[in-house]
Amino acid sequence: MARNKEALVLLLDVGPSMHHLLPEVEKICSMIVQKKLVYSKYDEVGVVLFGTEETENELTMEVGGYEHVVVLQNIKVVDGDLVETLKKIPRGTLPGDFLDAIVVGMDMLIKKYSSTNKGKKRLCLITNGLSPIKDPYEGSKEDQVNAIAQQMTSHGMKLESVVVRESVVLDENVSVMEENDRILNLFPKRTCAKMVFVESSTSLLGALKTRSISPVTIFRGDLEISPKLKIKVWVYKKTSEEKFPTLKKYSDKAPSTDKFASHEVKVDFEYKSVEDANKVVPPEQRIKGYQYGPQVVPISADEWDAVKFKPEKSVKVLGFTDSSNIMRHHYMKDVNIFIADPGDQNAILAVSALARAMKEMHKVAILRCVWRQGQGNVVVGALTPNVSDNDHVPDSFYFNVLPFAEDVREFQFPSFSNLPASLLPDEEQQEAADNFVKMLDLAPSDKEEMLQPDFTPNPVLERFYNYLELKSKHPDAAVPPLDKTLKRITEPDPELLAKKKSAIDSLLRHFEVKQNPKLKKSMKRMREKPSGSDEEDNYRRITSKNKVDLIENGVKVEKIGDLTPVQDFELMMSRRDNPEWINRAITEMKNKIHDLIEDSIEGDNYPKALDLLVALRKGCILEQEPKQFNDFLHQLCKFCLEHDLRSFCDFLASKGITLISKTEAVDSDVTEEEARNYLVKREAKPE
Amino acid sequence: MELDPDDVFRDDEDDPENEALRQRASSKELVVYLVDASPKMFSTNCPSEDQKDESHFRIAISCILESLKTQIINRSYDEVAVCFFNTREKKNLQDLNSVFVFNVADREFLDRPTAKFIKELSRLEEFFVKEIGSQHGIVSGSRENSLYNALWVAQALLRKGSAKTADKRILIFTDEDDPFGNIKGGAKADMTRTTLQRVKDAQDLGISIELLPLSQLDREFNVSLFYADLIGLQGEDLAQFVPAAGERMEDMKYQLRKRMFKKRIVRKLTFSVANGVSIEVHTYAFIRPTVLGSITWLDSVTNQPIKIERSFICADTGALMQEPPKHFQTYKNQNVKFSVEELSEIKRVSTGQLRLLGFKPLSCLKDYHNLRPSTFIFPSDEEVIGSTRIFIALHRSMIRLNRFAVAFYGTSSHSQLVALVAQEEIIDSGGQVEPPGMHMICLPYSDDIRHAEELHSGTNAAIPRANEDQIKKAAALIKRIDLKDFSVYQFANPGLQRHYAILQALALEEDDLPEIKDETVPDEEGLARPGVVKAIEEFKLSVYGDKYDESDNAGHKKVSEASKKRKALADGAVQKSAQYNWDALADSGKLKDLTVVELKFYLSAHDLPVSGKKEDLVKRILTHMGK
């Protein structure tokens, strides 16, 4: 196995208590394999299940024991079948023993690869750690863990454990859980292992690195505090955006019979003289020009190299300063991490001492960095301490690039305190806002922090790889909607909203927002509809007039907005929690229609107003409120005639809008004929 | 690392089209420099920085030159005119006496500064006497009023451009505090009156008039004689004026070369707070890395711009084709095709707005939660009334409770989880340092976070940790090397300043590069202070014991070990290589019969690269032998 190849064994708990989590486990495991298929298709993966009814592994045949552990897949190079296998993980029936599974997984790796192997070997355990571990035949559980850990170290394996911990744990399980946590926690102390706890299915999706990128240092050398004190450090990237994959352009020119066609497209750039379009300028004749006022100044690469700024490779401390002098929004780029040279014990100590002192004193160091010789620029940034609480992870520093004087634009904004009182919140409103901010808490003290960046997968990338897998089987498949678990990243958690409804309602009660009526047709703001989001779903359902569905969906509309007034109105009318909603909806709708007509220029709002009127009419019939509508129509016509908006009445008549008659709603005191003739009559009557 | 920085930060907010739009819409500045060219300006000397005496005229010109050199980089769309009065010759559209508008070819009187304009202005002295000449314009007995004429010409020049979009200024440089001093009686009063009336007319047209007085050594410029009325100075301002004007001249000379940006809304967003309540916010690009400016490719022979043409060629057939509508990814040994629509559909996970998801304590926002520069958010009631009020209420609550908001920000092409950090207004004597509002910080996803610190944790032994004493010594050291009042805005980018300097030198054909000070180098002197040295030595002793130098050497030793190994290898190769008769092998074409290992003996022995396929190795050997 080559140095850059990885062998991975997934150890999955499929016992009964895990069943409801398995869909997410399937997603993350298949995602790992899917990404391997794209980025490292020679990696090898094996799958071990525990908590199964059956027993099927080599160890049980060789030495006995290791029951209820099934090797679902022997270690093999990743392929499409493996993705399929992982999408349908069989459910188990018994509580499983994760230590047994670890041993089986380890045994597989040892048997498959000789110890001289240079590649990476990794075990990934996913469990909720609620099933008891059997006592070993001899010695204590600790001894057993020690023995396993030793084996792992000697074979250069890594263990990653993801423990799913939902908030509710039954009392009888607490002692088992604590015992298991203690055992799992022994691994990071004894060997190269990592353990994370996750509480939600969304963070489970983000808990495992689905793509392994071998880290590269961007600098190795001295962190120079003074010419007399230099600390050996290595600098890596801490964050780096994983971009949407760049796809190749597809050419369909090759004949379909050509089995070996690459279908690739080469993009060719030609540099041509402006005067003569046929004259191609060879690369060596090209020269860069920079703008100086209205002119362009040519500077050749040689000239440039001769005079350009050439700082020496170095990383120097300019000094230390209070962390309050650096604002969070000054950070400019992705983040680097400074680690002491792992081979230099004293450097590790020096970094540790500085980091700890800086943390205590709330200081940051300001650095001037030239990562490489020949780099045409310097970077100034802030070094902040990162004190580690894991005995096996050294203390380190984070490094963030800061802006130069040229990078900051001095824009002035009005002070909030100078704004007119009409724009400022009063005391009650402030209290409602305080309460809202307090209640909509994503990091409650008793639970896991929600949407923690470290455990939040990129929904776009997840969606792409899922679609890629789908398309590989069904080339014509449409883009599926965003996965439910991923929606927790792009939209507010409905559970949280429902729980904190009172705080939200109070906020909404205290503040009022409305569209500025003076703005005609508000600047055609494009409202893109997200594909496959809740909104779109709502939209579809509303248009299908399936109100019951909507109510179940828990969408509570409290206002008629400008975007989808008809839908909002229908929703409000269908609310059953308070009869007031109907009156409110009707009143709001009337105002909306009124505003539309009033604001319309040469009748541009008429069709919209008509839609609303039709909806209002229908609503009033359904809710047996014909008088409301009839009165309003009278009123509206009167208003139109008074304000030289006759054209609207004509428009309504031409579209066949009538009063609500007795036949449509019993409460109406208008006969069918009267109803039909109302607007027509108006029209005939000369002013 | 070799990414085009322009490209990295160009999300849809910075597209070039927008840039063009911005420049058109932004208000520009139109300035006319009125320089007194009377003989007095040349005769009076005052000591300059390098102790040489300089005339007032020269001081004024160098001040304008420096200012122009800055302006051509900072705000190259602003327009200027340089105009002398009290001259012998005249050149102006009104054909008024004693006023000479300085200009170069291909340029209107009031226009953007060009390199040629600056260059000509800098060698003004060579031809001034011959072509322009100095002469008192106001002499008793004649009714000529050169100051009046100059103001008239300036005002006429500034007729260009509407008052709404342009900021118009006249700057007067003079050392004559009493221009009508040698005129007596009614004529003086008359001239004073008409001149002031002209100024008033100009001001009514939205032109501001400023004075940069040049004082003589023995006598300070007396503003109250005439100019106080002209520029409308009263009371306390009067006393403060001359020293303040001196500072302004210095400022003009030593301004940082920095591209200026007008405040501009990047995007108008709908910020959905809860249950369908959305407010309106505007975003601004507050901090963005400044780049060298757009590069135009030129033909080095003609210096004409080059057109870049892109063509698509089918790799299989070599046929020229249109931009293909489909893209593909090789997956499981097949080509999975995607249409452009499908790809944009995948990326569209949100509604192009900002959606509040909840709040977290500020301690949850770690130092490594960053990917790109932040964006500033400020509320607006323009479209949605009530937005500002909700925004301010949330802003205050977030500051009071030490929380930040987590939101999802999605546009059709890019979407991101963001942190909204409320920033309180900070004002110091110089004005607003930090405006009130929220900063939108892009949060990384788990896919973007790496765990390099865990890489080297493979060993059994616990990682050493600093003890109390070492931490104490570090703290003492930190206290010693303290940057008080550090501000992130204090350093100019040395690379960028150097670039501007080179550009200027080349454009103006200056012989030497302007000196650029690198402000980012550490304060060596400060570090050599005994107190600092002592703190450093104590820290070293505490952490490294007396082995600091050894450990330093250890590094070198390691390097030398590696190089020794390499050397040993090379030596071995030389010996082995000597066993072959390379010339004969090459001549007989038998090199290809050797194994790669054997070929590498030759390459290593001659310090050549050993990479590549066998053919490459053979070729390399042949080239090296000169065959």
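Lettering of chains follows the sequences in order, A, B, ..., and the numbering in each one begins at 1.
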Checked Arg498(B), Gln329(B), Glu524(B) vs chain A; the most non-hydrogen pairs under 4.5 Å come from Arg498(B)
Using side-chain heavy atoms (C-beta onward) and a distance below 4.5 Å, is Arg396(B) in contact with Leu424(A)? yes
Between the side chain of Thr290(B) and the main-chain N/O of Glu406(A), is any donor-acceptor distance below 3.5 Å? yes
Contact check, side chains of Leu527(B) and Pro227(A), non-hydrogen atoms, under 4.5 Å: yes
Heavy-atom donor-acceptor pair, Ser352(A) side chain to Arg465(B) backbone, under 3.5 Å: no
pair Phe404(A)-Leu496(B): side-chain heavy atoms closer than 4.5 Å: no
So, Tyr467(A) versus Glu342(B): side-chain donor-acceptor pair below 3.5 Å or not? yes
Suppose we call two aromatic rings close when their centres sit under 6.0 Å apart. Are Tyr290(A) and His499(B) close by that rule? yes
Counting only non-hydrogen atoms closer than 4.5 Å, does Arg400(B) touch chain A with its backbone (N, CA, C, O), its side chain (CB onward), both, or neither? side chain
Please look at Val521(B) and chain A and tell me whether the side chain, the backbone, both or neither of the residue comes under 4.5 angstrom of a heavy atom of that chain. both
State whether the side chain of Asp448(B) and the backbone N or O of Glu242(A) hold a donor-acceptor pair below 3.5 Å, judged by distance alone. yes
Fit a plane to each ring of Phe286(B) and Phe413(A), take the angle between them on a 0 to 90° scale, and name the class: parallel (under 30°), tilted (30 to 60°) or perpendicular (over 60°). tilted
Dump the intermediate steps for side chain to side chain contact (heavy atoms under 4.5 Å, CB included) on Ile299(A) and Leu503(B), then the final yes or no. CA-CA 8 Å; Ile299(A) 304 179; Leu503(B) 204 55; 3.8 Å; yes
Do Met327(A) and His439(B) pass the side chain to side chain contact (heavy atoms under 4.5 Å, CB included) test, and can you show the C-alpha distance, the side-chain angles, and the key distance before you say yes or no? CA-CA 10 Å; Met327(A) 313 255 182; His439(B) 288 279; over 6 Å; no
Measuring heavy-atom distances to chain A, does Asp523(B) have an atom under 4.5 Å in its side chain, in its backbone, in both, or in neither? neither
Would you name the heavy atoms of Tyr292(A) and Ala507(B) that are closest together and state the gap between them? CD2-CB, 3.4 Å
Donor-acceptor contact present, side-chain Asn370(B) to main-chain Lys333(A), <3.5 Å: yes
By a 4.5 Å heavy-atom criterion (distance strictly below it), what part of Ile313(B) contacts chain A: side chain, backbone, both, or neither? both
Non-hydrogen atoms of chain A under 4.5 Å away: do they reach the side chain of Ile279(B), the backbone, both or neither? side chain
Residue pair Ile449(B) / Pro453(A), side-chain heavy-atom distance below 4.5 Å: yes
Apply salt bridge (charged side-chain N to carboxylate O under 4.0 Å, His left out) to Asp367(B) and Lys238(A), showing your working. CA-CA 10 Å; Asp367(B) 278 326; Lys238(A) 177 66 191 171; over 6 Å; no
Heavy-atom contact with chain A under 4.5 Å, split by part of Pro436(B): both
Are the side chains of Gln285(A) and Asp299(B) in contact, using a 4.5 Å heavy-atom criterion? yes
Contact origin within Leu394(B) toward chain A - heavy atom pairs under 4.5 Å: both
Steps toward side chain to side chain contact (heavy atoms under 4.5 Å, CB included) verdict (Phe511(A), Arg389(B)): CA-CA 8 Å; Phe511(A) 289 96; Arg389(B) 188 184 284 220; 3.8 Å; yes
Compare all side-chain heavy atoms of Glu264(A) with those of Phe328(B) and state whether any distance is below 4.5 angstrom. yes
Looking only at Asp454(A), Ile348(A), Val317(A), Leu37(A), most heavy-atom pairs under 4.5 Å shared with chain B are made by Asp454(A)
Given a strict heavy-atom distance threshold of 4.5 Å, which part of Arg403(B) is in contact with chain A: side chain, backbone, both, or neither? side chain
Which answer fits Ile441(B), side chain, backbone, both or neither, if we ask what part of it has an atom under 4.5 Å from a heavy atom of chain A? side chain
With a 4.5 angstrom heavy-atom cut-off, is it the side chain or the backbone of Phe338(B) that approaches chain A, or both, or neither? both
Please examine the side chains of Leu356(B) and Leu440(A), heavy atoms only from C-beta on, and report whether any two atoms are closer than 4.5 Å. yes
Side chain to side chain contact (heavy atoms under 4.5 Å, CB included), that's the test. Do Lys363(A) and Asp482(B) meet it? Break it down for me. CA-CA 9 Å; Lys363(A) 293 276 183 188; Asp482(B) 193 41; 3.1 Å; yes
Quick one: is the NZ or CZ of Lys249(A) closer than 6.0 Å to the six-membered ring centre of Phe312(B), and within 45° of its axis? no
Check each atom of Phe486(B) against the heavy atoms of chain A and say whether the ones under 4.5 Å are side chain, backbone, both or neither. both
What I'd like to find out is whether the side chain of Ile392(B) reaches to under 4.5 Å of the side chain of Leu419(A), using heavy atoms alone. yes
Rounded to the nearest 0.5 Å, how far apart are OG of Ser311(B) and NZ of Lys266(A)? 10.0 Å
Looking at CZ of Arg450(B) and OG1 of Thr239(A), how far apart are the two atoms once the value is rounded to the nearest 0.5 Å? 8.5 Å
Has Gln334(B) got a side-chain atom pairing as donor or acceptor with Ser472(A)'s backbone, closer than 3.5 angstrom? yes
Portion of Pro475(A) that has a non-hydrogen atom of chain B nearer than 4.5 angstrom: neither
Check: Ser446(B) side chain, Phe455(A) main-chain N or O, donor-acceptor pair, under 3.5 Å: no
Does Arg463(A) reach the main-chain N or O of Arg348(B) with its side chain, forming a donor-acceptor pair under 3.5 Å? yes
Less than 4.5 Å to any heavy atom of chain A: does that hold for the side chain of Gln304(B), its backbone, both, or neither? side chain
Just to verify, which of Tyr236(A), Tyr398(A), Tyr331(A) counts as forming a ring-ring contact (aromatic ring centres under 6.0 Å, His included) with Tyr368(B)? Tyr398(A)
Flag, side chain of Lys228(A) to backbone of Lys540(B), donor-acceptor distance under 3.5 Å: no
Using non-hydrogen atoms and a 4.5 Å limit, figure out which bit of Ile478(B) sits close to chain A: side chain, backbone, both or neither. both
At a heavy-atom separation under 4.5 Å, does Ile308(B) approach chain A through its side chain, its backbone, both, or neither? both
Applying side chain to side chain contact (heavy atoms under 4.5 Å, CB included) between Leu229(A) and each of Val543(B), Ile536(B), Val533(B), report the one that passes. Ile536(B)
